[in-house]
Amino acid sequence: MKTWSTTAVPRLPIEHDDSPVRVHDTASGGVVPVAGQDGTARLYVCGITPYDATHLGHAATYVTFDVLQRAWRDAGLAVTHVQNVTDVDEPLLERAERDGIAWEDLAAREIDLFFADMEALRVLPPDHYVGAVEGIPDDVRAVEQLLAAGTAYLVPVPEDEALADGASGQDVYLDLSTQPSFGAVSGWTREQMLDVFADRGGDPDRAGKRDPLDPLLWRAGRAGEPHWAGAGLGQGRPGWHIECSTIAQRYLGRAFDVQGGGTDLVFPHHEMSAVQAAALCGDDCFAQAYVHQAMVGLDGEKMSKSKGNLVLVSRLRAAGVDPMAIRLALLAQHYRTDWEWTEDILREAGERLDLWRRAADMAAHESVTELGSTTLQRMRERLADDLDTPGALDAVDDWATTVAAGEPASGLVVDAVDALLGVQL
Ligand code: 5CA
Ligand code: ZN
């Protein structure tokens, strides 16, 4: 699919010291270096399900992985960034039905709005933006392979559910008991998994499953639901997790560097996409590190489309809020700490933006001062240390305050704020 427009990233004149970026890996529980391979870092970011507009939780996630990419690029690496869009799934179909519009139109409208939000926030676009629908032929091949290998099995569609023309009467599930790596991403106990599975798109009570946690791979087409040709599987559509397994494998290959998303995706989504990839191509096939953005909340609850407690990027923009202030509000929080959106956070970000812009206005283009280079060094060091954006913001605050007190401003810092933090002054 087409993606959103890119924005130029200034190259910083002062050499990076080559220390690798380190991030927290949920699977190992530690902070690990992610240095790419052969000069390229490969990143898969789980994209939106386009049934409602981008809220600040989504924005926090995409800005976090944007900062990771900027840190990699600054360290001299090329980056291959792949992102999916779940352009067919239960929540999208339900919302379209509720609102009386075609699901394709709802998806197209929300994807366009998401692009406009990402452009305004200066998030770098992926190299490959891939729709779930586009990936169906790969999913079909994958599911057929798993059935042939005996790691997937068929479950009859309940009799009271009418089938679409051309659908077989059977859904397909992965048999988790064949996969010793199951659990390696989240490290959760079965109880923890069972606790959230139903709330997060799973179907633990489906009759005929071998294990309540077995994930759906292929849903036989039901009358009135969208469906696609599934070769030997008959008409139907893929389960949610398989789209990310196959898209990542096709565009990034084996053992890519990072899979990213919010902590709400740790289980089941990232666990299942990894175990399905392992079932398809063996261990060490999927991400080397799983990086998760903590949840952004509002009024004591996770901000979520299903709950409807949303602050939308597009609404803030329409109200005249500078997108760079929104971006700074997000960067002022560490990605591993849950936080709540408040008006105060936005107000402080606006004040910070003003302070930085006043300093930037005094800077001669591309000028380098000693204060400028130490500021850059501090920013790089903070970002390499598990994307410590609040620490990087402190460094720029110190610079701007010193400039306000009469020290000459350095254009280098203005470029660094752009290249590393994605904030245009
Ligand atoms: N399409 C799937 C991933 S394959 C999906 O989860 N879509 S989503 O639209 O629900 O979420 C998009 C991204 O935003 C995901 O990475 C999700 O983890 C993240 N996200 C959702 N809500 C929040 C929140 N309140 N705070 C932080 N990140 C969030
Ligand atoms: Zn995903």
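Ligands are counted one by one from 1 in listed order, and the atoms in each one are counted from 1 as well. Just so it is clear, the model here is predicted, and its values are computed rather than measured.
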Output the list of atoms in ligand 1 that are nearer than 4.0 Å to some heavy atom of [X], sorted by atom number.
X: Met303; value: 22 (N), 24 (C), 25 (N)
X: Thr86; value: 1 (N), 2 (C), 4 (S)
X: Gly262; value: 16 (O), 17 (C), 18 (O)
X: Cys244; value: 4 (S)
X: Lys302; value: 22 (N), 25 (N)
X: Asn84; value: 4 (S)
X: Gly47; value: 1 (N), 2 (C), 3 (C), 5 (C), 7 (N), 12 (C)
X: Trp240; value: 2 (C), 3 (C), 4 (S)

Looking only at protein heavy atoms, identify the closest one to [atom] and say how far it is in Å.
atom: atom 22 (N) of ligand 1; value: His55 CE1, 3.5 Å
atom: atom 9 (O) of ligand 1; value: Lys305 NZ, 2.6 Å
atom: atom 11 (O) of ligand 1; value: His58 CD2, 3.6 Å
atom: atom 17 (C) of ligand 1; value: Asp264 OD1, 3.5 Å
atom: atom 13 (C) of ligand 1; value: Tyr62 OH, 3.2 Å
atom: atom 15 (C) of ligand 1; value: Leu265 CD1, 3.7 Å
atom: atom 26 (N) of ligand 1; value: Val296 N, 2.9 Å
atom: atom 19 (C) of ligand 1; value: Thr61 OG1, 3.6 Å

[X] and [Y]: side-chain donor and acceptor closer than 3.5 Å?
X: Asp175; Y: Thr151; answer: no
X: Thr7; Y: Arg122; answer: yes
X: Gln293; Y: Thr263; answer: no

TODO: Using the ring-ring contact (aromatic ring centres under 6.0 Å, His included) rule, take His270 and His292 through it: C-alpha gap first, then chi angles, then the decisive distance, then the call.
DONE: CA-CA 10 Å; His270 286 176; His292 292 111; 5.0 Å; yes

Open item on the list: Within the structure, is a non-hydrogen atom of Gly297 found at a distance of less than 4.0 Å from ligand 1?
Closed with: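 No, Gly297 has no heavy atoms under 4.0 Å from ligand 1.
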
- [ ] Any chance you could lay out the side-chain hydrogen bond (donor to acceptor under 3.5 Å, both in side chains) test for Asp214 and Tyr153, step after step, and finish with the verdict?
- [x] CA-CA 10 Å; Asp214 285 348; Tyr153 62 97; 2.5 Å; yes

Would a line drawn from the ring center of [X] to the ring center of [Y] be shorter than 6.0 Å?
X: Tyr251; Y: Tyr129; result: no
X: Trp218; Y: Tyr173; result: no
X: Phe65; Y: Tyr44; result: no
X: His81; Y: His128; result: no

- [ ] Could you confirm whether Cys244 has any N/O/S atom lying under 2.8 Å from the Zn ion (ligand 2)?
- [x] yes

Task: Metal site the Zn ion (ligand 2): N/O/S of His241 inside 2.8 Å - done: no

- [ ] Report, as yes or no, whether the 6.0 Å neighbourhood of atom CZ on Arg206 holds more than 12 heavy atoms from other residues, nucleotides or ligands.
- [x]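 Result for CZ/Arg206: enclosed.
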
Using heavy atoms and a threshold below 4.0 Å, how should the contact between [X] and ligand 1 be classified: side chain, backbone, both, or neither?
X: Thr49; answer: both
X: Ala60; answer: neither
X: His269; answer: side chain

Task: Candidate pair Trp240 and His269, rule side chain to side chain contact (heavy atoms under 4.5 Å, CB included), full reasoning - done: CA-CA 8 Å; Trp240 170 28; His269 184 56; 3.3 Å; yes

Open item on the list: Less than 4.5 Å apart, side chain to side chain, heavy atoms only: is that true for Asp283 and Ser181?
Closed with: yes

Task: Full working for ring-ring contact (aromatic ring centres under 6.0 Å, His included) between Phe114 and Trp4 - done: CA-CA 9 Å; Phe114 174 67; Trp4 63 91; 5.5 Å; yes

